[in-house]
J.: 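The structure follows.
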Amino acid sequence: MAMSEELRLGVNIDHVATVRNARGSAYPDPVRAAKLAEAAGADGITAHLREDRRHIRDSDIDGLMAALTTPLNFEMAATEEMQAIALRHRPHAVCIVPEKREERTTEGGLDVAGDDNRLASFIAPLRAAGCRVSLFIGHEPAQIKAAARIGAEVIELHTGAYCDHHYAGDFAARDAELAALKEGATLAQALGLEVHAGHGLTFETVAPIAAIPELRELNIGHFLMAESLFVGMEAAIGEMRRLMEEARA
Ligand code: PXP
């Protein structure tokens, strides 16, 4: 059997900032967490500068850009303010996500098919500045085709529903979601897109996703930061990598 291609792990450090902001303190520092994540084997760091700055702040992005030795994947909403920040920093990758103020986390994928003209002109300057543009979408074929049409290089498939069904014990729905994610990954690769995935992944749910051969990167945050409270970042990230590699073998 041919060896699977490499699957990178991007570690999202947003929730280190959530803990800091809960008390308005200067600690814990998300940049320090990002450096530890790199030392523990992260291939890249992901941070989401939300419009309401509920976790990551502008100064964290300054600090990450200055300190990281691995690529920064900068997650942001498709707003003029965020576009200007991305163009100022020129991170390795920009992942465009939908954002609603009232949501607890990014609940659904971007509607690329319904907003293709605006998104095409939104991502053009980011691509011209040298950022790899990724769109965070569901597995619907119309969204994947629209992402390819408007010139994104990468899509990130939303694994939140797959994980939610798993933890709700609805395994039929989970498996249907997994099958749809696999079909989406195949379609995206056939259209020339690089395929990433993320949201809600844990030790229990990561293996079937990591085994999808078209995937090149997983972005994982909340669970890894939570697990790090108990075992430390090195052990948590090390175990996630081990599970990814095992699923891939
Ligand atoms: N990928 C994207 C596009 C996201 O918005 C998030 C959450 O910020 C993640 C991955 C990571 O999700 P989680 O923190 O649930 O692992």
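Remember, it's 1-based here, ligands and their atoms both numbered in the order they're listed.
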J.: With a cut-off of 4.0 Å, which atoms of ligand 1 are near a heavy atom of Phe136?
T.: 2 (C), 3 (C)
J.: As an exercise, identify every atom of ligand 1 less than 4.0 angstrom from a heavy atom of Gly200.
T.: 12 (O), 13 (P), 15 (O), 16 (O)
J.: With a cut-off of 4.0 Å, which atoms of ligand 1 are near a heavy atom of Glu156?
T.: 1 (N), 2 (C), 3 (C), 10 (C)
J.: Got a donor-acceptor contact below 3.5 angstrom from the Asn219 side chain to the Gly198 backbone?
T.: no
J.: Suppose I only count heavy atoms of Val97 and a 4.0 Å limit; which atoms of ligand 1 are within that range?
T.: 3 (C)
J.: Which of the numbered atoms in ligand 1 are under 4.0 angstrom from any heavy atom belonging to Gly221?
T.: 13 (P), 14 (O), 16 (O)
J.: Calculate, to the nearest 0.5 Å, the distance between atoms CG and CE belonging to Leu201 and Met244 respectively.
T.: 9.5 Å
J.: Once you round to the nearest 0.5 Å, how far does CD of Glu227 lie from CE of Met233?
T.: 11.5 Å
J.: Based purely on interatomic distance, does His48 place a nitrogen or oxygen under 3.5 Å from a nitrogen or oxygen of ligand 1?
T.: no
J.: Among the clusters formed by ILVMFWY side chains lying less than 4.5 Å apart, do Leu157 and Val97 turn up in the same one?
T.: no
J.: Please enumerate all residues that pass side-chain hydrogen bond (donor to acceptor under 3.5 Å, both in side chains) together with His165, with sequence neighbours excluded.
T.: none
J.: Just by distance, do the side chain of Arg118 and the backbone of Ala78 share a donor-acceptor pair under 3.5 Å?
T.: yes
J.: Can you sort out which atoms of ligand 1 are near Asn219, meaning under 4.0 Å from one of its heavy atoms?
T.: 10 (C), 11 (C)
